[in-house]
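One structure is given below, encoded as C-alpha cells.
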Amino acid sequence: MTIRADGRGLAGFAALLADPTRAGFCLTLLDGRAWTAGELARAAGVTPSTASDHLTRLVAGGLLVEERQGRHRYVRLAGPAVAQLVEDLAARAPAPATPPRTLRAASAATALAYARTCYDHLAGRLGVLLHDALLDRGVLDRAGGLALTEAGMSWLDRLGVPVEPLRGTRRPLVRDCLDWTERRLHLAGALGAALCGRFFELGWTTRGAGRAVRLTPAGRDALAEALALDPALLAPAATRDTGPARA
C-alpha cells in the first residue's frame with residue numbers, strides 16, 4: 001500500500017523552497033556539482049551561519065545530500081528527481097520584475113538563457129534547439145510518448161554514445177523537462193545526461209561561469225552538421241534574431 005503525504009506534510013515540504021535563500025541554493029546546485037556551505041553563502045550574499053542553518057533544513061527535508069571531507073561540508077541536490085522538481089517550479093515562477101541592473105549581471109543572464117546545465121543535461125535555448133532537432137531528425141519520436149527510435153540508436157552510435165548501458169539504469173532513458181527561461185521542453189533523462197557529457201568530452205561545449213555552458217566554434221559546426229541545422233541557429237545571437245523554436 002502506498003502511503004501518501006497529507007496536506008500538512010505537503011505544506012511542510014513546500015515550505016523548504018518558500019524561502020528565497022533556500023530556493024536560490026537549489027537553483028545554484030542545478031549545475032550538478034557539490035558546493036561547500038561557504039561557497040553557497042558567498043553566492044547568496046548571506047553569512048556562513050545563516051547558510052548552514054538553511055542547508056541543514058534542506059538536507060533534513062531530502063532535497064539535498066551532504067558529504068564531509070575534513071572540515072568541509074559539501075552539499076548537492078539529492079538526485080535527478082529533485083533537479084526536475086526545482087526546474088519545473090522555476091519554469092512556472094513569474095519572470096523577474098526588474099531586469100539586471102549591471103552589464104555583468106545582464107551578460108550572466110544572457111549566457112544562462114542561451115545554454116546551461118539543468119543538473120546533468122543541457123537547458124536554455126541550446127537545450128530546446130537540441131530537443132526539437134532530435135525530433136525533426138527522427139532520433140526521437142512522440143507517436144507513443146517520447147521514445148528513442150531505431151534510427152536514433154544508429155545516430156547515437158556514430159556520435160559515440162552507447163545506449164544499452166543507459167537502459168540498465170533506474171532512470172528513464174528519455175524525458176521532457178520544462179525549461180524555465182524558454183518555457184518550452186528540453187531533453188532530460190539518462191540520454192539527455194549522456195549527450196551533455198559527450199558534448200563536453202568532444203570539446204563541443206565548455207563550462208562557463210556557474211551553470212552557464214559555452215558552445216565552441218568547432219562544436220557549433222559539428223553539432224549543426226550532426227543535426228542538419230543551419231549553424232546560425234546555434235549562435236547565441238539567435239536568441240535575439242529569431243523567434244521561438246518550432247514546437
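FYI, side chains are in, hydrogens and waters are out, and symmetry mates aren't considered; it's all heavy atoms of this structure.
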With a 4.5 Å heavy-atom cut-off, do [X] and [Y] have their side chains touching?
| X | Y | result |
| --- | --- | --- |
| D19 | H54 | yes |
| E150 | S154 | no |
| H131 | D136 | no |
| R214 | R207 | no |
| V163 | L148 | yes |
| L227 | L129 | no |

Presence of salt bridge, [Y] and [X], under 4.0 angstrom:
| X | Y | answer |
| --- | --- | --- |
| R184 | D176 | no |
| D179 | R116 | yes |
| E87 | R211 | yes |

Indicate the atoms forming the closest heavy-atom contact of [X] with [Y], along with that distance.
| X | Y | result |
| --- | --- | --- |
| G124 | T181 | CA-OG1, 4.1 Å |
| A147 | V174 | CA-CG2, 3.9 Å |
| V128 | H186 | N-CB, 4.0 Å |
| A123 | C118 | CB-CB, 3.7 Å |
| L234 | A224 | CD1-N, 3.7 Å |
| W155 | R137 | CD1-NH1, 3.1 Å |

Give a yes or no on whether the backbone of [Y] and the side-chain of [X] come within a donor-acceptor separation of less than 3.5 Å.
| X | Y | result |
| --- | --- | --- |
| T149 | V139 | yes |
| T216 | T205 | no |
| R22 | A18 | no |

Neighbour count above 12 (heavy atom, 6.0 Å) for R8 CZ: no

Neighbour count above 12 (heavy atom, 6.0 Å) for R73 CZ: yes

Derivation and outcome, side-chain contact (heavy atoms from CB on, under 4.5 Å), residues Y74 and E66: CA-CA 5 Å; Y74 291 87; E66 67 176 359; over 6 Å; no

Hydrophobic cluster partners of V86 (side-chain heavy atoms under 4.5 Å): F13, L16, L17, F25, L27, L29, L30, W35, L40, V46, L55, L58, V59, L63, L64, V75, L77, V82, L85, L89, Y119

CA sep, side-chain torsions, deciding dist, call: L122, L187, side-chain contact (heavy atoms from CB on, under 4.5 Å): CA-CA 7 Å; L122 279 176; L187 179 66; over 6 Å; no

Point-to-point distance, once rounded to the nearest 0.5 Å, from [atom1] of [X] to [atom2] of [Y]:
| X | Y | atom1 | atom2 | answer |
| --- | --- | --- | --- | --- |
| L223 | L233 | CG | CG | 11.0 Å |
| D132 | L135 | CG | CG | 6.5 Å |
| R125 | L215 | CZ | CG | 13.0 Å |
| C177 | Q84 | SG | CD | 6.0 Å |

Criterion side-chain contact (heavy atoms from CB on, under 4.5 Å) on T117 and V213, from CA distance to verdict: CA-CA 7 Å; T117 51; V213 171; 3.8 Å; yes

Is there a path from [X] to [Y] through hydrophobic residues (I, L, V, M, F, W, Y) whose side chains come within less than 4.5 Å of each other?
| X | Y | result |
| --- | --- | --- |
| W204 | L130 | yes |
| L178 | L126 | no |
| L185 | L191 | no |
| L112 | F200 | no |

CA sep, side-chain torsions, deciding dist, call: F199, L159, side-chain contact (heavy atoms from CB on, under 4.5 Å): CA-CA 10 Å; F199 294 165; L159 193 64; 4.1 Å; yes

Between S107 and T110, a side-chain donor and acceptor under 3.5 Å: no

Verdict with reasoning, S52 to S49, per side chain to side chain donor-acceptor pair (under 3.5 Å): CA-CA 5 Å; S52 181; S49 60; over 6 Å; no

D120 and its salt bridge (Lys or Arg N to Asp or Glu O under 4.0 Å) partner, picked from R33, R171, R198, R76: R171

